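Note that the coordinates shown come from a computational prediction; the quantities given were computed from them, not determined experimentally. Below, chain A is the first sequence line, B the second, and so on; all start at residue 1.
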Amino acid sequence: MNDNRDNLYQQVILEEARNPNNYGELSDADVINSQYNAACGDKIQVSLKLSQDKKKVVQIKWQGSGCAISTAAMSQLSEMIKNLSVIQVLAIEPELILAKLGLSEISPARLKCLSLGLLTIKQALTSNSKRKQHV
Amino acid sequence: MLKLGQPIKADFPIFTQYPNLSYLDNAATTQKPKVVINSITKYYQTTNANIHRGVYKLSDSSTLAWYESRNTIASFFGAKPEELIITRNATESINGVAYGWGLDNLRAGDVILTSVMEHHANIVPWQELCKRTGAQLKFIPVLPTGQLDYEWLMDNLNKKVKLVAITYVSNVLGTVNDVTRVIDLAHEMGVRVLIDAAQAAAHLPINSRELDADFLVFSGHKMYGPMGVGGLLVKKSLLDSDEFKPWLFGGGMIEAVSENQATYQADPADRFTAGTPDVASAVGLAEACKFLSGLNISAVNSHDRELTALTLKKLSLVKEIEIVGPTDSTRLGSVAFIYQGVHAHDVAQILDSENIAARSGHHCCMPLHTRFGWQATTRVSFGVYNSPDDIDKLLAGLAKVKKVFG
C-alpha cells in the first residue's frame with residue numbers, strides 16, 4: 001500500500017470537492033452529455049460551448065453528485081480544458097488529472113471515480129448524436 | 001462459544017498476514033480458516049484424480065472424497081445428499097432453476113414474484129427468463145421498516161404466480177425474512193418457492209427439510225468455504241418429477257450416448273453434474289461446514305446478533321449517520337448506513353486507511369437503493385472472527401471521516 005492510498009484526501013482534493021469550479025449548466029451549450037457510474041451511483045452532466053469552427057472548447061459547466069475524488073477530478077478537468085482544442089482534450093489521460101490533484105497513484109476502483117468526468121467530456125466531444133441533447 | 005471473536009483469528013491465516021486488519025466485509029465473502037485451506041491442498045497432494053474413472057485406487061479415493069463432501073454439505077443444511085446439486089455459487093444455482101425449471105414451466109402471462117431487497121443474482125436471471133417465456137416479473141415491496149410487505153404478497157399470490165424467489169437475509173438491510181410464512185403462503189396456492197440463503201448460511205441454522213422450500217441456494221465462499229463452489233438444494237419430489245431437468249449436459253451426467261440421443265443418470269447427484277466437478281472446492285466446502293458445525297451455528301448466530309446490536313447502538317450515537325434497515329434486534333449479519341454529506345466511497349476509503357475493510361456502493365442491490373433514493377451506502381458485515389474491538393476501530397475510523405471532511 002502506498003502513501004497515496006492512505007492519504008488520498010489531501011487539501012487540494014478536499015478543497016476542490018467542497019468548492020468545485022465551473023459548477024452548473026451553460027444556457028447556450030453546443031453539447032450536453034451525462035454519464036452515470038452504476039457502481040457508485042455517481043452522475044455527471046457536462047455542458048460545453050465550442051468555438052464557431054467547433055474545434056475548440058470555449059466554456060464548460062458541469063453538475064452532478066459524486067464522491068470527493070470524482071468531484072475534485074471534474075473540477076480540475078473543467079479548468080484544464082478551457083480553450084483547449086477538441087483534439088487536445090481527447091488526448092487527456094487520467095494520469096494528468098491525477099498529477100493535477102497531487103497524487104501519484106490511485107487504486108483501480110477509484111480510477112473509475114477519477115475518470116468519470118473525463119469520460120463524460122470525451123463522449124460529448126466524439127458523439128455527434130448527443131449534441132444539444134440531454135441523455 | 002469461547003472461541004468466537006478475537007481468539008478464533010488464530011485459525012485464519014489472513015490475520016497472521018495482516019494482524020491489524022478489521023475485516024468487516026463478510027457479506028461479500030468470508031475469510032478462510034486454515035482447516036479449509038489445508039483440506040484443499042491435501043486433496044491435490046494425496047487424492048487428485050478424476051472421479052468416476054473406474055478401476056484405479058486414486059480415482060476411487062477421489063470419487064469417495066466427492067461423495068463424502070456432498071454428504072457433509074447436504075447434511076449441514078438438513079438435506080438428503082441426492083437433493084444437493086453442486087454449483088459454482090448461489091448465482092449459478094438461481095440460473096440453474098431458471099434454465100432447468102423455468103424455461104419449461106413458464107408460459108406467457110405467468111408471474112414470478114421476487115422482492116425489492118433482492119441481490120441482482122435473484123433478479124436478473126428472472127428478467128431474462130421472462131424475456132424468453134413471456135412471463136412477468138413482479139416485486140414484493142419493502143416497507144420503510146425494511147420488512148417485506150407480507151400483506152401485498154397475500155393480495156398478489158394468485159393462480160398466475162408460478163414462483164416466489166426471495167432472500168432469507170438481506171445483504172443490505174440485515175432483515176431476516178419470515179421465509180416459513182412465505183413458503184406456507186405460496187404452497188397453499190401451489191406456487192414454487194426459491195430461497196436465496198447466501199446471506200443466511202453462515203449466520204443461522206438452516207434445516208431445508210423443515211423449511212420445505214422447493215429450491216434453496218447458497219454460496220460456499222460466504223460460509224468460510226472456497227470461492228467457486230456453492231449449491232442448489234432441490235426438494236426430492238421435484239427432482240423425481242419431470243418438472244425440473246438438467247440444464248447442463250455432457251460427460252458424467254449421462255447413462256448411455258449414441259450418435260442421435262443420450263439417456264441420463266437416474267441418481268440426481270450425477271444427473272445434474274455435467275463435466276468434471278470442482279472436487280477440491282467441494283472438499284473445502286465440506287470442511288467449512290464441519291468448521292461451522294464445530295463452532296455450533298446457534299452460538300455463531302448469537303455472536304452475530306451481539307455484534308449487530310453493538311454496532312447499531314454505537315452508530316446511533318453518531319449524529320451524521322443514518323442507518324438503513326431495521327435498527328432493532330431482528331437485524332442480522334450486516335449494518336449499512338449513510339454518512340450525511342460524505343459519499344460512501346470516501347467513507348470506505350478512509351476506513352481502509354485505518355485497516356478496516358468495509359464495503360461501499362449499492363452492494364448488488366440497485367433496485368433497493370433506487371426504491372429508497374440512496375445514492376450509495378457503506379456497509380459493515382460480520383463473521384466469526386469479529387469482536388467488539390472491530391466495532392471500536394470502526395467508530396474511530398468514522399471519527400477520522402469527520403475530521404477529514406469536517
Item to complete: Answer yes if the side chains of B:H345 and A:D42 hold a donor-acceptor pair under 3.5 Å, and no otherwise.
Response: no
Is it true that atom [atom1] of [X] has more than 12 heavy atoms of other residues, nucleotides or ligands lying nearer than 6.0 Å?
| X | atom1 | answer |
| --- | --- | --- |
| B:L317 | CG | yes |
| A:Q52 | CD | no |
| A:K49 | NZ | yes |
| A:K56 | NZ | no |

First locate atom [atom1] of [X], then atom [atom2] of [Y], and finally report the distance between them rounded to the nearest 0.5 Å.
| X | Y | atom1 | atom2 | answer |
| --- | --- | --- | --- | --- |
| B:K400 | A:Y9 | NZ | OH | 10.0 Å |
| A:C113 | B:H343 | SG | NE2 | 7.0 Å |
| B:D346 | A:T71 | CG | OG1 | 8.0 Å |

Worksheet entry | Region of A:S65 in contact with chain B, defined by heavy-atom distances below 4.5 Å | both
Item to complete: For B:E92, enumerate each residue passing the salt bridge (charged side-chain N to carboxylate O under 4.0 Å, His left out) test, keeping only those at least two apart in sequence or located in another chain.
Response: B:R88
